[in-house]
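Taking it in order: structure first as structure tokens, then the write-up.
Any value given below was found using the heavy atoms of this structure, including those in side chains, with hydrogens, waters and symmetry copies removed.
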Amino acid sequence: GKHDDAVRLAREIADGSPHHDGADQFRFQHLAQLTAIDDTANAVKVASIALSSAERCLGDSPRLANHLTDWANFYRGMLRQPDRARDLLARAETVVSACCGVVSRYMEPVLQERAWLAPELDGKGSGMLYIEQLRDLRASIYGDNSQQVEQTTIDLAAAHAQSADWARSEEH
């Protein structure tokens, strides 16, 4: 209930942990989610502290990319700040490209989050590009006939159908 205390607690966690672990990020996310319910400004502060802590402790590792993607989801979904989410995803993509290459399983969550974010930034149907990229990535990693590719193909078909429905409703 005391949101300034939440920010103080986040700083204590960040300052008291010389080595980053997943539990810290979980604590930060839980704290930010609770704060975001009725205090967006302090939720942003908690998220900022968490991101700084992760970058300081993890460097440019795949784990950092995962945290950046998780926080992009938080900014998009809870805080309704799609521009900040886009920036975090760009940073995550850069990290994955540098450490693992663009054809890496670490790129999967980045592309998935981009697909969810695109309609908020660029309008309905714009996420299909990222779903197609995700399908192609999964085909190169898991094989064309994998369950992951099949699911992404289903998601792509649903996105196309939804886009067609939306276009028809705009005509009327």
Side-chain angles (χ1 to χ4, degrees), residues 22-37 40 43-44 46-48 50-51 54-55 58 60-172:
D24 285 347
Q25 282 300 305
F26 176 79
R27 289 181 200 113
F28 286 133
Q29 288 178 353
H30 185 70
L31 191 58
Q33 288 170 353
L34 290 174
T35 306
I37 293 169
T40 301
V44 168
V46 170
S48 179
L51 285 163
E55 291 214 36
L58 295 175
D60 284 347
S61 72
R63 287 183 57 212
L64 174 62
N66 287 340
H67 290 307
L68 291 168
T69 303
D70 288 345
W71 283 107
N73 181 283
F74 177 75
Y75 273 93
R76 175 187 57 80
M78 292 284 295
L79 299 180
R80 304 284 185 235
Q81 295 183 10
D83 290 332
R84 180 68 173 131
R86 180 190 54 223
D87 295 344
L88 291 170
L89 289 174
R91 174 79 172 106
E93 187 172 355
T94 299
V95 169
V96 172
S97 295
C99 75
C100 310
V102 291
V103 180
S104 165
R105 65 182 177 84
Y106 294 107
M107 192 63 77
E108 284 183 80
V110 175
L111 290 174
Q112 182 65 68
E113 184 59 34
R114 281 191 181 278
W116 291 330
L117 176 64
E120 292 182 38
L121 293 171
D122 302 319
K124 292 194 184 269
S126 60
M128 285 187 283
L129 170 68
Y130 299 109
I131 298 172
E132 289 171 352
Q133 290 176 0
L134 181 60
R135 183 195 57 209
D136 294 345
L137 173 69
R138 287 178 170 168
S140 67
I141 294 172
Y142 305 112
D144 288 332
N145 297 321
S146 67
Q147 182 179 0
Q148 293 89 340
V149 172
E150 182 179 326
Q151 182 58 53
T152 309
T153 301
I154 291 168
D155 294 343
L156 185 58
H160 276 288
Q162 188 178 40
S163 181
D165 289 345
W166 177 77
R168 279 192 296 276
S169 72
E170 289 292 309
E171 291 174 358
H172 295 103

Of T152, V110, L111, V102, which meets side-chain contact (heavy atoms from CB on, under 4.5 Å) against Q133?
-> L111
Nearest heavy-atom neighbours spanning A32 and A43 | O-CB, 3.7 Å
What do the steps show when you test T153 against V149 for side chain to side chain contact (heavy atoms under 4.5 Å, CB included), and what is the final call?
-> CA-CA 6 Å; T153 301; V149 172; 4.0 Å; yes
L89 and T69, any side-chain heavy atoms less than 4.5 Å apart | yes
With a 4.5 Å heavy-atom cut-off, do Q148 and I141 have their side chains touching?
-> no
Does the distance from a Lys or Arg side-chain N to an Asp or Glu carboxylate O, for R135 and D144, drop under 4.0 Å?
-> no
Heavy-atom distance under 4.5 Å between the side chains of H67 and L58, does that happen here?
-> yes
Indicate the atoms forming the closest heavy-atom contact of Y75 with S48, along with that distance.
-> OH-N, 4.1 Å
Looking only at non-hydrogen atoms, find the nearest pair between E113 and R76 and report the distance.
-> OE2-NE, 2.5 Å
Full working for side chain to side chain contact (heavy atoms under 4.5 Å, CB included) between D155 and L134 | CA-CA 10 Å; D155 294 343; L134 181 60; over 6 Å; no
Does Q81 reach the side chain of V44, with side-chain heavy atoms less than 4.5 Å apart?
-> yes
Parallel, tilted or perpendicular, as decided by the 30° and 60° cut-offs, for the rings of H30 and F26 = parallel
Considering the options E150, E108, Q151, which one meets the side-chain hydrogen bond (donor to acceptor under 3.5 Å, both in side chains) requirement together with R138?
-> E108
Quick one: does D60's side chain get under 4.5 Å of C99's, heavy atoms only?
-> no
Looking only at heavy atoms, the pair that brings I131 and A159 closest together is CD1-CB, 4.0 Å
Please name the pair of heavy atoms, one in S126 and one in P119, separated by the smallest distance, quoted to 0.1 Å.
-> OG-N, 3.3 Å
Does a side-chain heavy-atom distance below 4.5 Å link Y130 with L117?
-> no
Side chains of R105 and Y142: closer than 4.5 Å at any heavy-atom pair?
-> yes
Side chains of R91 and L64: does their closest heavy-atom pair fall under 4.5 Å?
-> yes
Report yes or no: does S97 contribute a side-chain atom to a donor-acceptor pair with the main-chain N or O of T94 at less than 3.5 Å?
-> no
Residues D83, R86: salt bridge by 4.0 Å N-O rule = yes
Heavy-atom closest contact (G143 atom, S146 atom, distance) = O-OG, 3.0 Å
